[in-house]
Amino acid sequence: MREYIFYFLALVSVISALMVVFSRNPIHSVLYLVVCFFSIAGHYLLLNAQFLAVVHVIIYAGAIMVLFLFVIMLLNLNKESEPHKPIIIKFASVISASLLVLVLIAAMVNINPAADSHPTLHTIGMVRELGDTLFKEYLLPFEISSVLFLTAMVGVVLISKKES
Amino acid sequence: MQALTKRSKLVSNKKLSFIEKLYLPAILGGLKITLQHFFKKKVTLKYPEVKREFAPVYRGMHVLKRDEAGRENCTACGLCAVACPAEAITMEAAERMDGEEGLYREEKYAAKYEINMLRCIYCGLCEEACPKDAIYLTDRIVDSEYTREGFIYGKDILVEKVDDRIDITKRKKKKGE
Amino acid sequence: MIAYSILDRDWSFLTDKLILVGILFAVALGIAAYSTLAERKIAAFMQDRIGPDRAGFFGILQPIADGVKSILKEEIIPGRAHKFLFILAPCIFMTVALMTYAIIPWGKDLIINGRKFSLQLADLNVGILYSFAIVSLGVYGIMIGGWASNNKFSLLGAVRASTQMISYELAMGLSLIPIVMMSSSLSLRDITEAQSYWHGMHWNIMLQPLSFIIFFTCALAECNRTPFDLAETESELIGGYHTEYSSMKLALFLFGEYVNIFVSAAVISILFLGGYNFPYMNEMGLSPNWVSILSMGALFAKIFFIIFVFMWIRWTIPRFRYDQLMKLGWQIFIPLCIVNILITGLLITLKIYH
């Protein structure tokens, strides 16, 4: 039964991801992206990574996509106002996207499916194990990334302050 | 400057103290007041079953009175129309014919008597002006209508029925009669 | 999570849960329906009135009358509205409001015929985070509804409502961290169990009063209740995001709000008022099943009290201005929460708590 759920979720995520790109209405794109995030959260659940799934929903679906929606709704983008892009940009985007796909394929080729049998993998998604790993093994990267976030926050405050 | 009323208060824009800035004591005080009201006696009357009594000085729809024998008091003197500040009253006089003594008290009577209830301001000056004890304001309420024409009340509505007298003792008592 | 655990268990587990889902659904909607009556009654009583009392004794049938009225009303979909999203929005709002019920522990386990019957749909080990995820999804119903109406005032209302919700989510989350630190778990059942000491009176409200006040205020803001009901302002701003809605779709929005109130009252009771714990629950010498039933009653009593306080506050405190609202959320609550986290951390390190 778990395989069926996986296939269903995979189908939903692939289709919605494609719809993000192909739909003409930006609001639809955003909503498809939300659906895509949900199906990915479902994948996390299937891998028993509950913390990751919930945090994924909170941060991406709950916060970031809401901000996207805000901006798009308030700017009132629609088909008519879409700027016509020069052909060079189209070429460049196609090439860079293909390169990205190439990189992804190259990365996927070396994945070893047998890693699923790793003993700690089934519990790594739980909060306690995640906290242990983050604060013991990966303490330095964790702290560095938090400094990064702090910098971003200070930057936001600086930008939003009016110059006087 | 002299205060206009005794209740006026000086506004002071003093800085709030720390406790006041928390707003919590003020909020709790407000909650206390609303809770006291929660247990207070309710003032609502269940309307169609229970009706609130009108004040004795209430001025509602007019009535044209008859005397004890059932004869109309009004003589169409026109004093009420003159007194009316809203010019709501019009009337046409007519002479009493032989055989109509049972209908009208005096030799002259109002053949037509109309009050435009949309113009009327229910001031009661017609009542004060009337020398014949004929018009009174009652505690009845003027019904709503769909057209403006419907609000022009004629004698058919204003004159009290012989067998259904309207009690105006409260108004009389107020006037000291 | 739910899907995962069902896959690995037997069918009786599934039927248990399905029965519980059915009961919860009925109870949730019933309580939400009667909250509307309670709201009107409490409003009336605080204003020295009687309130609705014509439909049945004491107005008992009023919610049914309201529901019938909503269903029978004409349904209007604005001409250039996005029809699909317009219909989807209230459904999302309602569904999201009901989803939090899954993780609330309603009482201790019942044991029927030697089989354990849990009064909780799913004991997630990330329970609180799940409830936050759900709360953050509530914004979508409002945003989509406001946008799909094709009315700029609806859109503005939606923006107002969702900025408020997003802003207060932060303070809400931060105010909970001390609780999580003290009970060292994210599961709502563990948090409840952690409050069962001191004869069932080890409630978090006594140890974390500041957290409680902040969380309570944020819950008011999340539910769009007075004094933070700028999103709706029924009286002066022709509604907000639901201006263009009519009939049952409007009713779903309004009803969803009462469901939200019930859920937040439940979460507040669990996090701060000891959940299903009541004083001397283990010393009374009752059989475990009786204790379970009484504990459920205790939880519901707490929930009803919190709902009453919500309504009490609504008829007491005037509305905030928008800039005051944002200032309170961002400049007062968030720093207070961070200070509270630091103090709690200090106290836990010094072993004063625990």
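A note on names: the letters A, B, ... follow the listed sequences, proteins ahead of strands, and every chain is numbered from 1. Keep in mind the model is a prediction, meaning the values are calculated, not measured.
- Of the possible donor and acceptor atoms, one in the side chain of C:Tyr140 sits under 3.5 Å from a partner among the backbone N and O of A:Ala61.
- Interface residue A:His28: only side-chain heavy atoms are found under 4.5 Å from chain C.
- Within the 4.5 angstrom heavy-atom criterion, only side-chain atoms of C:Ile166, from C-beta onward, approach chain A.
- Top candidate by heavy-atom pairs under 4.5 Å with chain C, chosen from A:Val57, A:Leu67, A:Val55, is A:Val57.
- Going from atom CD of A:Gln50 over to atom CG of C:Leu186 covers 10.5 Å, rounded to the nearest 0.5 Å.
- Scanning both residues, C:Asn125 and A:Val127, for their nearest heavy atoms gives O-CG2, 3.8 Å.
- A:Met19 meets the side chain to side chain contact (heavy atoms under 4.5 Å, CB included) test with A:Ile15, A:Tyr32; sequence neighbours excluded.
- Only the side chain of C:Val139 comes within less than 4.5 Å of a heavy atom in chain A; its backbone stays farther off.
- For a residue to count as touching a neighbouring chain, one of its non-hydrogen atoms must lie under 4.5 Å from one of that chain's; by this rule A:Ile59 does not touch chain C.
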Query raised in the report: Going through the checks in order, is the side-chain contact (heavy atoms from CB on, under 4.5 Å) test met by C:Phe132 and A:Val54?
Result: CA-CA 9 Å; C:Phe132 273 100; A:Val54 170; over 6 Å; no
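- The shortest non-hydrogen separation linking A:Gly62 to C:Ser136 is CA-OG, 3.6 Å.
- Heavy atoms closer than 4.5 Å to chain C are found nowhere in A:Tyr44, neither backbone nor side chain.
- Of residues 81-95 of chain C, those residues with a non-hydrogen atom less than 4.5 Å from any non-hydrogen atom of chain A are, in numerical order, C:His82, C:Leu85.
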